[in-house]
Amino acid sequence: MKLISTRDITNSLTPLEAVLKGIASDGGLYVPAYFPKIDNRFLESLLPLSYPQLASRVMGQYFDIENLEELLTEAYSSFDTKEVAPLHKLTDNNFVMELWHGPTLAFKDMALQVLPRLMSCARPYAGGKDILILTATSGDTGKAALDGFADVEGTKIVVFFPDEGVSDMQKLQMVTQKGDNTFVCSVKGNFDDAQTGVKKLFASEAFAKAAENYRLSSANSINFGRLAPQIAYYFHAYIELVRKNVIKIGDKVNFTVPTGNFGNILAAYYAREMGLPIGRLICASNKNDVLTEFFATGGYNARREFFKTTSPSMDILISSNLERLLFEICGRDDKKVASLMRELSENGYYEITKEMQEGLSVFAAGSADDEKALATIKNVFNKYGYLIDTHTAVAEAVYENYAVYGDKTPNVVVSTASPYKFVSDVLYAVTGERIEEPFTAAKMLSEKTGTALPKQISALETAEIIHKNTSEKEKLAEAVLGFI
Ligand SMILES: *Cc1c(COP(=O)(O)O)cnc(C)c1O
């Protein structure tokens, strides 16, 4: 298997080299040269497997790594359940896949406990240099990446987060990170400022020169090493529904995904391209509904007001991974992708052709604002006794709205964070009480809902604040160089 760049298909690498490289030097994203095809026999063979075994069968379609199963077993050993990604039944045909049983309580752990291990496998390609991971985060990536890379030999990790735009809990999780190889810094601006700043570092020759003792890489969701582990849990959800006798092998399933940078839902699209029987992919956005508009009109317009919402990990105007979808729907025309991306960076806008729009028919899209999301948390708790976080609530709300139109296909709402990670808003949604102090809110949420307070949260209350750095958005290079 080779991976190729979305902006120049002659630019190709092995998957492990692409994991190391992160983004292609032409600015494009690495995508599989072709999608390995699976059939019903393959799906049947997954039925008796544990999560790491199943994931290794799926990822093995891309990565030729001898001890892949062992690597994945280790990666998921820090999860608080053997099932890794349990499926919770809400109704006869609506299920919730909980992707937040890892060390940082968000779905990013599904990939970021794996990525450092893939990086280790890729070190022979780094020419003996240490690997320097540069990452911008809208909140959850940062902590998950820090946790995954902390004290991993031969690596250093730098995380930039927007000073306004992550929750108190997310911030605390990051600034208390241990490990001599970790550096956490807030950026004055929003997530797009942080992400653009990091992209500029990767493109800067001056920076490359100054950091020449390191091999630069990224832990952002543009890294193929993030995408591949995410493909696996869509197979897992499907197989779980077969095990629960909800479907037979070959039947279709829909997925509703709370979407930001488009990585999670793109993995579902990849699973479908490989042959997993998926009906619809329902793309859920919050008030930052640039994707909803894109799926409805074929126009991508980032020139719009940016809203801070109660689902901050989805507060994004430029969904980087959408580039990989564009590549597929234009028939893998690298010139076309490069020109659309140029339009986006120059004008903040692009429009796809009618032909390309036809390739989007597998998607449905909708958005839910804060009011709707909070009402959904309350309603799901009262009706089913099940607590969801603000991001999952956006997806559930969008799914409920979609289901009104009569699609009876079994659906899986992809749940991306523990309700305790966005605790003040969840508490407010369920009880009407507003408590900003996260630990008080968490204890109260646990009492009022009879749900367990995760250990990861209680441990934070007394953790020492280690990282106190702040940077202007134009000065990220200085910040990194100061650290290394
Ligand atoms: C990152 C994140 C998302 C968005 O996922 P993308 O892959 O960026 O679309 C949604 N919810 C939570 C809790 C997240 O951490």
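In this text, all values refer to a predicted model and were calculated from it rather than measured experimentally. Positions are given from 1 along the sequence. We count ligands from 1, going down the list as the structure has it; atoms in each ligand are counted the same way.
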Does an N or O from [X], backbone or side chain, lie closer than 3.5 Å to an N or O of ligand 1?
X	result
D389	no
T259	no
G263	yes
K108	yes
G260	yes
F262	yes

Which of the numbered atoms in ligand 1 are below 4.0 angstrom from a heavy atom of [X]?
X	answer
A417	13 (C)
S313	2 (C), 3 (C), 4 (C), 12 (C), 14 (C), 15 (O)
P258	4 (C), 10 (C)

Could you check [atom] against the protein and tell me its nearest heavy-atom contact, residue, atom and distance included?
atom	answer
atom 11 (N) of ligand 1	T416 OG1, 2.8 Å
atom 7 (O) of ligand 1	N264 N, 2.8 Å
atom 8 (O) of ligand 1	N261 N, 2.7 Å

Notebook entry, point to check: Hey, mind stepping through T376 and E400 against side chain to side chain donor-acceptor pair (under 3.5 Å) and telling me if it holds?
Noted result: CA-CA 10 Å; T376 302; E400 286 173 11; 4.9 Å; no
Note to self: Is a donor from one side chain sitting under 3.5 angstrom from an acceptor on the other, for N286 and D370?
What the structure shows: no
Next item on the list: Answer yes if the side chains of N321 and R324 hold a donor-acceptor pair under 3.5 Å, and no otherwise.
Entry: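 N321 vs R324: donor-acceptor pair found between side chains.
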Margin query: Centre-to-centre under 6.0 Å for Y234 and Y270, is that the case here?
Written below: no
Next item on the list: For residues F224 and Y62, establish whether the separation of their ring centroids is below 6.0 Å.
Entry: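 Ring centres of Y62 and F224 closer than 6.0 Å.
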Notebook entry, point to check: Passes side chain to side chain donor-acceptor pair (under 3.5 Å), N288 versus T309? Steps please.
Noted result: CA-CA 8 Å; N288 295 294; T309 74; 5.0 Å; no
Margin query: Applying the side chain to side chain contact (heavy atoms under 4.5 Å, CB included) criterion to F107, which one of V414, V257, N264 satisfies it?
Written below: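 Output: one option passes, namely N264.
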Note to self: Other residues, nucleotides and ligands only: do more than 12 of their heavy atoms fall within 6.0 Å of CD on E433?
What the structure shows: yes
